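The shown structure was predicted, so the numbers you read here are calculated from the model rather than taken from an experiment. Just so you know, residue 1 is the first one in the sequence shown, and it goes up from there.
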Amino acid sequence: ISCSLMLAALDLINMEEPSQSPSQPRRRRRHVFVRIASTLCLVAALAVLVDLGADEATRSTLLAIVRSSTNSGQARNVIGGRTGVSANFRLLEGINKIKPGRTLKAALVRTHLRFNPFPTSQGRQCEIHWDANKDRWIDPEEAQPVPAGSRFERNNNFLTKVDFNALNILVVGDSVGENMALFLENAHADVGVLKHQRDSYREQINLEGHYQDRIWVNNIPEEKGGGYVAFARVLTQWHSEKAGEDDFLKWDPKMFTDFREDHGNVDVLIYRTPWPWMSKFGETGDITEGQYYRVLEVARRMVNPRTVIFTTSAVNNNGIPDQFASMRKDNEVVRQFVQHYQPPEYPEDGVQNVLLLDWERLTDDLVLANAEAMGIPADMAFQHVLTGNGLSDKKSLTGVRWYPQLTAMACAGVSEPAHPKRIPTCTDDKRGVLSPDGMHFCDATTGPRTASGIIGLIQCSVVADEDMYGASPNERKQYLRECQDDINDLHMNLRSVFVSPDPGNPTGHLIHP
């Protein structure tokens, strides 16, 4: 009974709003006292049971409780004052303070934007045409220019280029998150990072029975910085309740701790909520801020990032049934989470730099631009759909189970649809100026702004780390929010345009005209 009372007291103390700094010795003394007392009590109880001849199962159970009590003093039950990490995960890691990753510095990364005089929709997950004679979708023989007079002409006319990168960057998410990792790979092409050079770090059999990467990494040559761009496939919210081995729908903690041991701490982690997968299992529409605090703590324990960039979700075919109401509601939650996050005073207590890439804003603008090019009214851009009715498996491209799809997202033709709300397949039998399948995104159209936005947020973190030494947590938070908002206003929409100060120099930047 006394052991139970001690543990209950410890739980009550842990439920209090935790301090972000070790500046409250009274609370710390209470933690230490209750922890020591409860542990001694449990050890004494174990000794009594041994003396009384308790069976092995009983002794093992009590010993596990003793270990849990000891570890609970090292791992907070409340993360960021919001929500807890499960006891099993605390036992797995058993840590609270973590030596922070290296301070980000401007010298670790150099980038620029370069003019692209021939805006096309050529690339991965990009434009394809239906060939009736071959009975399949094919890549056009020549790169297809974006629709004349469309807003894509001002969107696809620049490239994001990385000149030097010593940072370790990891994207965590689903296949659309892998899209983002591809966009970053493309930006690193001039420093020798190419898709076919990826190192498949871990594979697993997916739901279709095929091996698929769970983690891949693409290393940057030492002379160009020696960092890496990596991707980890996580198909649920990345927190302890979804951890598990040998399950494609869960994530294996050991996989991440092994990766960190082999490749070092992650400097920058980009987290994309696997919203389409979660929607399949009824886990969307009521996502809470607390889930993201748990994600942040898992990220810290697994790969110890200095900076974490959360992203909002883009429209996709899984969001069509409720006209994206659940998705937009969940996106507002991640916005509020980042807005409310308070950086800890001491880096060993938590992630210092938490930012938001508001990807929904950019992808919405791209859908509206494509609707405009196709003659679909703006008020129908997120309602006009492809039904897939009557299509062969080959012509449906994705299989009919992935329908309906947004017409203004999946199609590349410029002929106006005959029906005001739905058509079987794309006009002109062309797909992919923005997305080939209503889910993933063309790197030529979406990649440059996505990559430049991510790099801009990394540079916000650099300033916070390098130029704000000694600043209070509130000052850091205020700066990060202001810098983040500036980056999203400039990069996550089609209002800004690329300009080059020197007509003879292709290097330039984005401005609002």
Q: Taking only residues two or more places apart in sequence or in another chain, which ones pass side chain to side chain donor-acceptor pair (under 3.5 Å) with S461?
A: T307
Q: Which heavy atom of C442 sits nearest to which heavy atom of V433, and what is that distance?
A: CB-O, 3.9 Å
Q: Could you give all pairs that pass the disulfide bond (SG atoms under 2.5 Å apart) test and reach residues 460-496, with sequence neighbours left out?
A: C460-C483
Q: Is the count of non-hydrogen atoms from other residues, nucleotides or ligands lying under 6.0 Å from F281 atom CZ greater than 12?
A: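 Correct, the count exceeds 12.
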Q: Whether the S452 and H491 side chains hold a donor-acceptor pair (N or O, under 3.5 Å, no angle test) is what I'd like checked.
A: yes
Q: Test side chain to side chain contact (heavy atoms under 4.5 Å, CB included) on V315 and M409; report intermediate values, then the result.
A: CA-CA 9 Å; V315 291; M409 182 176 177; 4.0 Å; yes
Q: Pick from K280, R233, R272: which one makes a salt bridge (charged side-chain N to carboxylate O under 4.0 Å, His left out) with D174?
A: R272
Q: Restricting to non-hydrogen atoms, name the atom on A408 and the atom on N370 that form the minimum distance, rounded to 0.1 Å.
A: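 Closest approach of A408 to N370, heavy atoms only: O-ND2, 2.8 Å.
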Q: Could you tell me whether the side chain of I215 reaches within less than 4.5 Å of the side chain of M255, counting heavy atoms only?
A: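 Side-chain contact under 4.5 Å: yes.
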Q: Checking Y201 now: which residues fulfil ring pair (Phe, Tyr, Trp, His ring centres under 6.0 Å) with it, not counting sequence neighbours?
A: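 For Y201 the ring pair (Phe, Tyr, Trp, His ring centres under 6.0 Å) partners, ignoring immediate neighbours, are F259, H263.
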Q: Could you check whether any side-chain heavy atom of F441 comes within less than 4.5 Å of a side-chain heavy atom of T363, counting everything from C-beta outward?
A: yes
Q: Nearest 0.5 Å please: distance from the CG atom of L167 over to the CZ atom of R306.
A: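 So the gap between those two atoms works out to 12.0 Å.
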Q: Which atom names give the shortest non-hydrogen contact between W251 and V234, and what distance separates them?
A: CB-CG2, 4.3 Å
Q: I need the K477 NZ to Q352 CD distance, nearest 0.5 Å.
A: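 If I round to the nearest 0.5 Å, the distance is 14.0 Å.
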Q: If the condition is ring pair (Phe, Tyr, Trp, His ring centres under 6.0 Å), which residues does Y403 pass it with, not counting sequence neighbours?
A: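 Testing Y403 for ring pair (Phe, Tyr, Trp, His ring centres under 6.0 Å), a comparison that skips the adjacent residues, returns none.
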Q: Start with the C-alpha distance between R300 and E297, add both sets of side-chain angles, then the distance that settles salt bridge (charged side-chain N to carboxylate O under 4.0 Å, His left out), and finish with yes or no.
A: CA-CA 5 Å; R300 188 169 77 101; E297 185 66 7; 3.0 Å; yes
Q: Any side-chain heavy-atom pair from D267 and I169 closer than 4.5 angstrom?
A: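 Heavy-atom side-chain distance check fails, nothing below 4.5 Å.
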Q: Under the rule for side chain to side chain donor-acceptor pair (under 3.5 Å), what residues qualify as partners of Q478, not counting sequence neighbours?
A: E482
Q: Would you check if there is a donor-acceptor pair between the side chains of W277 and E283 at a distance under 3.5 Å?
A: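 There is no such pair (donor and acceptor under 3.5 Å, judged by atom type) between the side chains of E283 and W277.
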Q: List in chain and number order the residues that pass ring pair (Phe, Tyr, Trp, His ring centres under 6.0 Å) with F324, two or more places apart in sequence or in another chain; answer none if no residue qualifies.
A: none
Q: May I ask you to check whether E345 and S472 show a side-chain donor-acceptor distance below 3.5 Å?
A: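 There is no such pair between these side chains.
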Q: Judged by modelled atom types alone, do N317 and Q405 share a side-chain donor-acceptor pair under 3.5 Å?
A: no
Q: Examine the side chains of W216 and D199 and answer whether a donor and an acceptor come within less than 3.5 Å of each other.
A: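 Per modelled atom types, W216 and D199 side chains form no pair under 3.5 Å.
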Q: Under the side chain to side chain donor-acceptor pair (under 3.5 Å) test, which residues partner H440, sequence neighbours left out?
A: S175, D437
Q: Is D322 paired with R328 through a side-chain N to carboxylate O contact shorter than 4.0 Å?
A: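 D322 and R328: not salt-bridged.
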Q: Taking the side chain as C-beta and beyond, is there a heavy-atom pair between R294 and S240 under 4.5 Å?
A: yes
Q: Who pairs with Y271 by ring pair (Phe, Tyr, Trp, His ring centres under 6.0 Å), at least two apart in sequence or on another chain?
A: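 Residues passing ring pair (Phe, Tyr, Trp, His ring centres under 6.0 Å) with Y271: F310.
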Q: Output yes when D258 and R202 qualify as a salt bridge under the 4.0 Å nitrogen-oxygen rule, no when they do not.
A: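 Yes, charged N to carboxylate O under 4.0 Å.
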Q: Going from CG on N304 to CG on N265, what distance comes out if it is rounded to the nearest 0.5 angstrom?
A: 4.5 Å
Q: We want to know whether Q342 and N474 form a side-chain donor-acceptor pair, criterion being a heavy-atom distance below 3.5 angstrom.
A: yes
Q: May I ask you to check whether S279 and N318 show a side-chain donor-acceptor distance below 3.5 Å?
A: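 Present: a donor and an acceptor within the cut-off.
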Q: Taking all non-hydrogen atoms of both residues into account, name the closest pair between W238 and V298 and its distance.
A: O-CB, 3.6 Å
Q: With rounding to the nearest 0.5 angstrom, report the CG to CZ distance, L494 to R361.
A: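 Here the rounded value is 11.5 Å.
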Q: Between R198 and E178, does any side-chain N to carboxylate O distance fall below 4.0 Å?
A: yes
Q: Answer yes or no: does atom CZ of R102 have more than 12 heavy-atom neighbours from other residues, nucleotides or ligands under 6.0 Å?
A: yes
Q: What side chain to side chain donor-acceptor pair (under 3.5 Å) pairs are there with at least one residue in residues 378-388, not counting sequence neighbours?
A: H384-T407, T387-N389
Q: Could you tell me whether R124 atom CZ has more than 12 heavy atoms of other residues or ligands within 6.0 Å of it?
A: no
Q: Are D465 and R476 within salt-bridge range, i.e. N to O under 4.0 Å?
A: yes
Q: So do Q125 and D443 actually touch side chain to side chain, heavy atoms under 4.5 Å?
A: no
Q: I'd like to check I320 versus V385 (side-chain heavy atoms, cut-off strictly below 4.5 Å). Are they in contact?
A: yes
Q: Would you mind checking if R335 and E332 are paired as a salt bridge, meaning a charged N to carboxylate O distance below 4.0 Å?
A: yes
Q: Between atom OG1 of T236 and atom CE of M278, what is the distance when rounded to the nearest 0.5 Å?
A: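 These two atoms lie 7.5 Å from each other.
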Q: Assess whether side chain to side chain contact (heavy atoms under 4.5 Å, CB included) is satisfied between V217 and N219, documenting all intermediate values.
A: CA-CA 6 Å; V217 58; N219 294 294; 4.0 Å; yes
Q: Determine, for K250 against E245, whether the closest basic-nitrogen to carboxylate-oxygen distance falls under 4.0 angstrom.
A: no
Q: Quick check: do S326 and W275 have side-chain heavy atoms less than 4.5 Å from each other?
A: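 Yes. Closest side-chain heavy atoms under 4.5 Å.
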Q: Please list all pairs meeting salt bridge (Lys or Arg N to Asp or Glu O under 4.0 Å) that have one or both residues in residues 445-457, counting only residues at least two apart or in different chains.
A: none
Q: Any ring pair (Phe, Tyr, Trp, His ring centres under 6.0 Å) pairs touching residues 448-477, not counting sequence neighbours?
A: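 Output for this query is empty, none listed.
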Q: State, with a plain yes or no, whether a side-chain heavy atom of V266 is found less than 4.5 Å away from one of L269.
A: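 When only atoms from C-beta onward are counted, L269 and V266 do touch, with a gap below 4.5 Å.
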Q: Report the C-alpha separation of L480 and V463 in whole Å, then their side-chain angles, then the decisive distance to 0.1 Å, and conclude whether the side chain to side chain contact (heavy atoms under 4.5 Å, CB included) test is met.
A: CA-CA 9 Å; L480 287 173; V463 174; over 6 Å; no
Q: If you take all heavy atoms of L406 and A381, which pair is closest and at what distance?
A: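 Distance-wise, the nearest heavy atoms are CD2-O, 3.7 Å.
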Q: Any luck finding a side-chain donor-acceptor pair between T273 and Y292 under 3.5 Å?
A: yes
Q: Would you compute the distance between atom CE of M468 and atom OH of Y479 and round it to the nearest 0.5 angstrom?
A: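 If I round to the nearest 0.5 Å, the distance is 8.0 Å.
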Q: Can you find a side-chain donor-acceptor pair between T312 and D358 that sits under 3.5 Å?
A: yes
Q: Which atoms form the tightest heavy-atom contact between E289 and V333, and what is the distance?
A: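 Distance-wise, the nearest heavy atoms are N-CG1, 3.5 Å.
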Q: Can you name the side chain to side chain donor-acceptor pair (under 3.5 Å) partners of W359, sequence neighbours left out?
A: T450
